[in-house]
There are 2 protein chains.
Amino acid sequence: MNQTLSESKELLFNKAKDFCEDKGVRFTPLRAKVYQILLQEDASIGAYDILDKLKLIEDSAKPPTVYRALDFFLELGLVHKVESTNTFKACHHFGCSHPVQFLICDTCGDVKEISSEGVKETLERQALQSNFKIMTQTIEAHGICNQCQGTGIS
Amino acid sequence: MNQTLSESKELLFNKAKDFCEDKGVRFTPLRAKVYQILLQEDASIGAYDILDKLKLIEDSAKPPTVYRALDFFLELGLVHKVESTNTFKACHHFGCSHPVQFLICDTCGDVKEISSEGVKETLERQALQSNFKIMTQTIEAHGICNQCQGTGIS
DNA sequence: TGGTATTATTTTAAAATATACCAACACGCA
DNA sequence: TGCGTGTTGGTATATTTTAAAATAATACCA
């Protein structure tokens, strides 16, 4: 099947499929296609970019096609939304509950997901000072990734 | 002039005006009106809600009118954008350089801006482990504010 | 295997958010 | 006064997201 995916991503694809089946929700062919498109990206990707790619293999695809699939995955935690760019990214370690933070390179577009308990807890502690009870966190850093910083020393 | 603003907000309004004049940029009547609308809100407010309010006193207002004013204030740091809701909020302590985090109450809509160096630095430290150089941070917590949590004990 | 309930998909449409572009005007300065 | 820059006006359009209704597919149970 997923010949366009690297081996590690194919593993993730199968893990996602199993995850859905375990939960009793359906990993349909359409959802599979959307998920595969998401997996192909190291950057995060916009809904309409997904749509363009999807249309190549699924002529009937329309905006709601993509958004419904995205909603499905977002709900399950298999995909995250990057709020500051209105884009989406497959999560590489779903299943386990974990905090989410993104490092977004404004030079190459790459989006790295990190998962720091410390960051999450620091914000929680801070919120507690206002007696604010946090349900969800959106934490996104924009900047320059390792690759895009020259490695020269002087 | 600003009869609809409380005293503290009128102070802020004047501070913003002075801030612009000091910087040599123009705090025009149109911008003043948009800023006033922003100040009136404790919640954050969407661009089109601003537009609706602006139209009441400025018939010619169109979407670009609002976005231009918003861009102006965003650039100066007088207004922040809440990325997770596509809304905007006047900053209550511009001028001094400070980190920005938002506590967004999903019950009443209130948006509280906090400014924790600790949160900022914790994320920075975390990013450094990936050798990622942060330029800007988007940190937004959704949850329930103090007011909206019952105060009952049992 | 057939019936039924549920869930997914298709399709059309539109709402909500944001920008591009060009012309006209106004203000600050030479 | 005239020039240049910045601001506003106005039209149009792009982008992102959701609504709603009809149809189709699937799971599940008897």
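Ranked by how close their nearest DNA chain C nucleotide is to the 5' end, Arg26(B) and Asn86(B) are led by Asn86(B). Between Tyr48(A) and Phe72(A), the residue anchored closer to the 5' end of DNA chain C is Phe72(A), taking for each the nucleotide with the nearest heavy atom. A residue-by-residue look at Val25(B) and Lys81(A) shows that Val25(B) has its nearest nucleotide of DNA chain D further toward the 5' end.
Listed nucleotides: dT17(D), dT8(D), dT9(C). Nearest to the side chain of Thr28(B): dT8(D). In this structure, the nucleotide among dT17(D), dT12(C), dT8(D) sitting nearest to the side chain of Lys62(A) is dT12(C). With dA8(C), dT7(D), dG9(D) as the candidates, the nucleotide lying closest to the side chain of Arg68(B) is dG9(D). Ranking dT11(C), dA12(D), dT17(C) by closeness to the Pro64(B) side chain, first place goes to dA12(D). The nucleotide whose nearest atom lies closest to any side-chain atom of Tyr67(B) is, among dT19(C), dT9(C), dT17(D), dT19(C).
In this structure, a donor-acceptor pair under 3.5 Å is absent between the side chains of His142(B) and Thr138(A).
Counting to the nearest Å, the P atom of dA15(C) and the CG atom of Asp49(B) are 15 Å from each other. For Phe27(B) and dC27(C), the CZ to P distance is 17 Å, given to the nearest whole Å. Rounded to whole angstrom, the span from the CG atom of Leu51(B) across to the P atom of dA16(C) amounts to 13 Å. Atom-to-atom, CG of Asp59(B) to P of dT8(D) comes out at 17 Å; the value is rounded to the nearest Å. Look at CG on Leu30(B): it is 18 Å from P on dG6(D), rounded to the nearest Å. Glu58(A) places its CD atom 14 Å from the C1' atom of dA24(D), with the value rounded to the nearest Å. Atom CD in Glu83(A) sits about 12 Å away from atom P in dA18(C), given to the nearest Å. One atom, CG of Asp71(B), and another, P of dG6(D), lie 15 Å apart when rounded to the nearest Å.
In terms of phosphate contacts, Ser60(B) brings no side-chain nitrogen or oxygen within less than 4.0 Å of OP1 or OP2 of dT8(D).
Of the charged side-chain nitrogens involved, none lies within less than 4.0 Å of a carboxylate oxygen, so that Lys81(B) and Glu140(B) do not count as a salt-bridged pair.
Under a hydrophobic clustering in which Ile, Leu, Val, Met, Phe, Trp and Tyr are joined whenever their side-chain heavy atoms come within less than 4.5 Å, directly or via other members, Tyr35(B) and Ile37(B) fall into the same cluster.
Under the 30°/60° scheme for interplanar angles, the aromatic rings of His93(A) and His98(A) are found to be tilted.
The number of heavy atoms from other shown groups lying within 6.0 Å of NZ (Lys112(A)) does not exceed 12.
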